[in-house]
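In what follows, a structure is listed as structure tokens, so that the remarks can point back to it.
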Amino acid sequence: MNLRQLRYVVATADHGTMTSAAQALYVAQPALSRAVRELERELGLELFARSGRGVVLTPAGEQVVRQARVALDAVDAIEGLAVNRADGRGAELRIAVTASLEPELTGGLIPRFARRQPAVRVRVVRCGDRDQIAAALRAGRADLALTDLPVPGDMTAHPFEQREVVLISPQALKVREPVPPAALDGMRLVLPARGSARRAEIDTMLRRIGARPVAAVESDERGAWLGWVRAGRGSLLWYRNQIDDTDGVTVRSFMPPLTRMIGLVHAHRRLPPAARDFLTFAKETPRDHPAR
């Protein structure tokens, strides 16, 4: 018997169906059903019985849920000591992120969270790509991650915000507005270096819309990209909310819009209290301004 199985049983009892309990726990419904069946086999007890489209607790199940709630409350209280322990240092929260999304954390989310939870120390775990993020979460080197979606099936994702991808081009470039994605075919672009994770993501997006641009510059020197655009070397694809300086360039939207969903992600395990607090905070954070 483990804590995850106990939480699954309690959640199913509270929600009445495996599907709604799975949604509340952010797990796949088959995984939830399998965990409950494994616990029933381990205990030698039938905990749930079918009732219409849902499930109801058996008498034995009611006793198990009653005791499980006591046990889980005790676990939460013990974990809460990590945040409020007497030495005053508070808990540590480790959040993995790639370079392209780090401004979302360090410029907005983390400072605002720190004002709400000053006892929690937040450490940014920098990763090169989504594969490294998944590896950090699986190995326990990070509690949460902010990354582009989708993610591997063994990760739990909480969609955070839709990001618009725009065309940043030299002011002399003449192109129809809003820009049809097909206009990227043959266009000179400033692109990340070949073989990089960011380049792979852009190449995938370009293949999806059937565009074959010309690589005018290929470099991971992010700080130089806008300079090359201003110099007329080529255009750039980037997130609208991460553009600070538009002097000497033109920013254009696509029609239909090009978007990417980003989200907070974690492994399928119980989160520490600080990570749960951060998830709640992020979901409550207004989206009417860029997070920088």
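In terms of heavy atoms, Ala157 sits closest to Val151 at CB-CG2, 4.0 Å. Arg240 and Ser253 get closest at one heavy-atom pair: NH2-OG, 2.6 Å. Ala13 approaches Leu57 most closely through the heavy-atom pair CB-CD1, 3.7 Å. In terms of heavy-atom proximity, Leu137 sits nearest to Ala142 at CD2-O, 3.6 Å. The two residues Ile133 and Ala145 make their nearest non-hydrogen contact at CG2-CB, 3.4 Å. When all heavy atoms of Cys127 and Ala136 are compared, the closest pair comes out as SG-CB, 4.4 Å.
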List the steps, then state whether side chain to side chain contact (heavy atoms under 4.5 Å, CB included) holds for Thr204 with Arg207. CA-CA 5 Å; Thr204 298; Arg207 282 195 299 271; 3.3 Å; yes
What's the verdict on side chain to side chain contact (heavy atoms under 4.5 Å, CB included) for Met155 and Arg130, showing C-alpha distance, side-chain angles and the deciding distance? CA-CA 12 Å; Met155 298 284 121; Arg130 279 184 292 179; over 6 Å; no
side-chain hydrogen bond (donor to acceptor under 3.5 Å, both in side chains) evaluation trace for Arg126 with Thr98: CA-CA 6 Å; Arg126 294 177 176 85; Thr98 56; over 6 Å; no
Chi angles and distances behind the side chain to side chain contact (heavy atoms under 4.5 Å, CB included) call for Met205, Val165: CA-CA 10 Å; Met205 180 175 64; Val165 178; 4.2 Å; yes
Please lay out, stage by stage, how Asp220 and Arg194 fare under the test salt bridge (Lys or Arg N to Asp or Glu O under 4.0 Å). CA-CA 9 Å; Asp220 286 332; Arg194 291 180 184 273; over 6 Å; no
Can you check side chain to side chain contact (heavy atoms under 4.5 Å, CB included) on Met255 and Glu177, steps first, answer last? CA-CA 8 Å; Met255 184 55 68; Glu177 296 191 54; over 6 Å; no
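A salt bridge is defined here as a Lys NZ or Arg NE, NH1 or NH2 lying under 4.0 Å from an Asp or Glu carboxylate O, and Glu284 with Arg116 meets this definition. The pair Arg69-Asp14 meets the salt-bridge criterion, with a side-chain N (NZ, NE, NH1 or NH2) lying under 4.0 Å from an Asp/Glu carboxylate O. Under a 4.0 Å N-O distance rule, the pair Arg199/Asp203 qualifies as a salt bridge.
Residues in residues 134-155 take part in these side chain to side chain donor-acceptor pair (under 3.5 Å) pairs, two or more places apart or across chains: Arg94-Asp143, Arg138-Asp154, Asp148-Tyr239. The list of ring pair (Phe, Tyr, Trp, His ring centres under 6.0 Å) pairs with a residue in residues 101-143, not counting sequence neighbours, reads Phe113-Phe278, Phe113-Phe281.
To the nearest 0.5 angstrom, Leu45 atom CG is 7.5 Å from Thr58 atom OG1. Distance check, rounded to the nearest 0.5 Å: CG of Leu109 to CD1 of Ile95 gives 8.0 Å. From Phe254, atom CZ reaches atom CD of Glu164 across 9.0 Å, with rounding to the nearest 0.5 Å. Rounding to the nearest 0.5 Å places CG of Leu226 at 10.5 Å from CG of Asp247. To the nearest 0.5 Å, atoms CZ (Arg163) and CE (Met261) are separated by 10.0 Å. Residue Leu236 holds its CG atom at 8.0 Å from CD1 of Ile243, rounded to the nearest 0.5 Å.
Glu62 CD: more than 12 foreign heavy atoms inside a 6.0 Å radius. More than 12 non-hydrogen atoms from other residues, nucleotides or ligands lie less than 6.0 angstrom from CZ of Arg41.
Using a 3.5 Å distance cut-off with no hydrogens or angles, the side chains of Ser169 and Arg252 do pair a donor with an acceptor. Gln162 and Thr259 form a side-chain donor-acceptor contact under 3.5 Å, judged by distance and modelled atom types alone.
Residues Pro159 and Leu149 meet the side-chain proximity criterion, which asks for heavy atoms closer than 4.5 Å. Looking at heavy atoms from C-beta onward, Gln5 lies in side-chain contact with Glu42 at the 4.5 angstrom threshold. Side chains of Gln117 and Leu93 form no contact here, defined as non-hydrogen atoms less than 4.5 Å apart. Residues Leu146 and Leu144 have side chains not in contact (no heavy-atom distance under 4.5 Å, counting atoms from C-beta outward). When side chains are defined from C-beta on, Pro170 does not count as touching Val249, because their heavy atoms never get closer than 4.5 Å. No side-chain heavy atom of Leu206 sits less than 4.5 Å from a side-chain heavy atom of Arg212. You'll find the side chain of Glu92 stays beyond 4.5 Å of the side chain of Val120, heavy atoms only. At a threshold of 4.5 Å between non-hydrogen side-chain atoms, the residues Leu184 and Ile209 count as touching.
The side-chain hydrogen bond (donor to acceptor under 3.5 Å, both in side chains) check on Ser235 picks up nothing, with sequence neighbours excluded.
Connection of Leu43 to Val55 is established within a shared hydrophobic cluster, with ILVMFWY side chains joined at heavy-atom distances below 4.5 Å, either directly or through further cluster members. Neither Val265 nor Val124 shares a network with the other; the hydrophobic side chains, linked directly or stepwise wherever heavy atoms of I, L, V, M, F, W or Y lie under 4.5 Å apart, form separate groups for each. Hydrophobic clustering of Ile, Leu, Val, Met, Phe, Trp and Tyr side chains at less than 4.5 Å, counting indirect connections, unites Trp228 with Val251. Grouping the Ile, Leu, Val, Met, Phe, Trp and Tyr side chains by contacts below 4.5 angstrom, directly or via other members, places Phe160 with Leu271. Linking Ile, Leu, Val, Met, Phe, Trp and Tyr whenever their side-chain heavy atoms come within less than 4.5 Å puts Leu258 and Val175 in one cluster.
At distances below 3.5 Å, at least one donor-acceptor pair connects side-chain atoms of Trp225 with backbone N or O atoms of Ser219. Looking at Glu40, its side chain does come within 3.5 Å of a backbone N or O of Leu47 through a donor-acceptor pair.
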